[in-house]
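Working notes for the structure below.
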Amino acid sequence: MSDTSERPIRVRMAPSPTGPLHIGTARTSLYNFLFARHHGGTYVLRIEDTDLARSTVEQEQDIIDNLHWLGITWDEGPQVARGDDIGPFAPYRQSMRLDLYAAEAARLLESGAAYHCWCTPEELDAVRREQESKKEAPRYNGRCLRLTDADRAQFEAEGRRPAIRFRVPPETIRFDDLIRGEVEFDNRLLGDFVIVRADGSPLYHFVVVIDDEKMAITHVIRGEDHLSNTPKHIALIESLGYRQPRFGHIPLILNADRSKMSKRKSQTAITAYREQGYLPEALVNFLAFLGWSPGTEEEIFTLDELGQRFDLSHVHKAGAVFDADRLDYLNGVYIRSLTDEQLALRLRPFLPETLDDEGVLRVTPLIKERLVRLADATELTAFLVESDEQVAALYGADALVPKGRTPADAARALAIARDVLTQLADGDFAADVLEGRCRAVAEGLGWKPGDFFRPLRAAVTGRSVSPPLFGSMELLGRDRVLARIDAALGKVSAEAQVT
RNA sequence: GCCCCCAUCGUCUAGAGGCCUAGGACGCCACCCUUUCAAGGUGGAGAUCACCGGUUCGAAUCCGGUUGGGGGCACCA
């Protein structure tokens, strides 16, 4: 039945621009991409924009941009939204292939495999509700199949436009799924479904089958949510006289409650992850392992390595919960694996423009180990761009007083630190020198270093948690550090007066 | 309701009849390192392999059933 063995391997991803690139679509795209890479096949991108009402160019652009961002590239298909399509089967946008679908619909009509249906949405709705109330399967009752010529003439006269329904052959469909093995389905349970709307636009189940044939797709790798739709597609393939591709249904990505991952319960837009500073390498690595593993205990892979290792036989059957904690961990791993120069480049968009490139490169090593997402850099480096007044407003006098000490003690400590730092030459205002001097101050005071560093950190950064203190001070520069210590001194002195 | 698919630590997974008194990773806990937070190191808790029956000398692995979960049944894709 299927003749894929002799045909060169061709797979496709078929996103619908009815929303931004979805995590699930990205993962399905990745699996197709890896499959093509692994077998030296051709990878096609086809835009499924038959739902004109919900499709937009912006969303198409989002899909293309983010696929590129992930490193997923295709051999055929649109390279940019509304741009020129590349490949022998162009165009690759369904909205530009309408004549083809119309011709195939006409063929089906002519052979009697499809028929016109004049039922209105309201009528269909009424039938469906009645079936549901009687606990019957909600499917088309075949009314328009039994119409007389007079009935048809009557509808025409009323100005009603017919949709086209596929007459589902009463047969049992069997196919050998690449991932699930033998699957059997009785198509008698199916109602005749609409393949062309009353307005003449074709529907998904119809166009997907036509395009997969015309684009010579040999392997259809898609989400498990399409498993139950496959018998429809096979019936259509047979009626149209097409070659049957191999089907492989990959497990779904799930919300924490194990339902199909949705916008409602999870963050599903790739753009959102990108904006938060997830690295495409991390996302790809993470997504690849949602439903697949190389069969070993290795778990960090580049896209190229995944292409070498990926095979359908190791794809799981059960759905996989999207574990954000694990993604965070992987993102950290990838961030830390970058050189400072590489990281600085990626950090640039997440840091204020007032920080110059030199500044970005200098903070990078200070925050590298602390980043889960690139966007975390904003908060981690805020103390650098905030004014001395803003920093001072972030903490109270109590943050300057170590346990067991009085505000007066704290004031004395800060005053000493101020003097010591003032004496430092500009060239000596460096992390290691600063640390040495500050330790000496603590020692002279008879304080534990930590008890002295804590207030100093509050004064300098306004926070109890910050990048390494002395590196931060070096970056800030002597003048600003001294100004902040002065502000702290004012605060704690006022406190000392009160008490 | 009907049909289809699925089932190993909380999560992602290793496992393809004896290598499994079930391995790794994330998360969690403890300790170490340490100027905070991280990162790193070490150790720990955590799965009677959903349940019941069968096949077999032997089953997490094969078969059947049960239960549970998910998906599909649109003039959405």
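All chains are named by letter (A, B, ...) in the order of the sequence lines, taking the proteins before the strands, and each is independently numbered beginning at 1. Hydrogens, waters and symmetry mates play no part in the numbers below; they use all other heavy atoms, side chains included.
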Touch class at under 4.0 angstrom, heavy-atom based, for A:H249 against every strand present: nothing

Check: A:S228 side chain, B:rG71 base, donor-acceptor under 3.5 Å: yes

Sugar-phosphate only, base, or nothing, as touched by A:A163 at under 4.0 Å among non-hydrogen atoms: base

Touch class at under 4.0 angstrom, heavy-atom based, for A:E132 against every strand present: nothing

Sugar-phosphate only, base, or nothing, as touched by A:R463 at under 4.0 Å among non-hydrogen atoms: nothing

Integer-rounded Å distance: B:rG69 P and A:K317 NZ: 21 Å

Least distance between heavy atoms, A:Q267 atom then A:I23 atom: O-CG1, 4.1 Å

Touch class at under 4.0 angstrom, heavy-atom based, for A:H22 against every strand present: nothing

Flag if over 12 foreign heavy atoms under 6.0 Å of NZ, A:K214: yes

Between P of B:rG15 and CD of A:E297, the distance in whole Å: 10 Å

Touch class at under 4.0 angstrom, heavy-atom based, for A:T50 against every strand present: sugar-phosphate

Distance in angstrom units between A:E299 CD and B:rG24 P, rounded: 12 Å

Distance-only donor-acceptor test (3.5 Å): side chain A:R370, base B:rC37: yes

Minimum-distance nucleotide to A:R258 side chain [options: B:rC12, B:rU8, B:rC76]: B:rC12

Sugar-phosphate only, base, or nothing, as touched by A:N229 at under 4.0 Å among non-hydrogen atoms: base

Of A:R326 and A:D49, the one whose closest RNA chain B nucleotide lies more 5': A:R326

Sugar-phosphate only, base, or nothing, as touched by A:G191 at under 4.0 Å among non-hydrogen atoms: nothing

A:R197 CZ - B:rC76 P separation (whole Å): 4 Å

Sugar-phosphate only, base, or nothing, as touched by A:L252 at under 4.0 Å among non-hydrogen atoms: sugar-phosphate

Protein-nucleotide distance (A:L227, atom CG; B:rG71, atom P), rounded to Å: 13 Å

Whole angstrom value for the distance that separates P of B:rC76 from CG of A:D225: 17 Å

Sugar-phosphate only, base, or nothing, as touched by A:K448 at under 4.0 Å among non-hydrogen atoms: nothing

Presence of salt bridge, A:K448 and A:E443, under 4.0 angstrom: no

Six-ring centre of A:Y31, A:R27 cation under 6.0 angstrom, axis tolerance 45°: yes

B:rA14 phosphate, OP1 or OP2, under 4.0 Å from A:S293 side-chain N/O: yes

Atom pair distance, as rounded to whole Å: CZ in A:F247 and C1' in B:rC4: 15 Å

P gap between B:rU61 and B:rC6, integer Å: 15 Å

Side-chain donor/acceptor contact of A:R457 with base of B:rU35 under 3.5 Å: yes

Sugar-phosphate, base or nothing in reach of A:P15, heavy atoms under 4.0 Å: nothing

Length of the NZ-P vector between A:K260 and B:rC5, whole Å: 18 Å

Between A:Y273 and A:F322, ring centroids under 6.0 Å: yes

Touch class at under 4.0 angstrom, heavy-atom based, for A:P449 against every strand present: nothing

Sugar-phosphate only, base, or nothing, as touched by A:A198 at under 4.0 Å among non-hydrogen atoms: base

Plane angle bin for A:F175 and A:F247 - parallel if under 30°, tilted between 30 and 60°, otherwise perpendicular: perpendicular

A:R437 atom CZ: more than 12 heavy-atom contacts under 6.0 Å: no

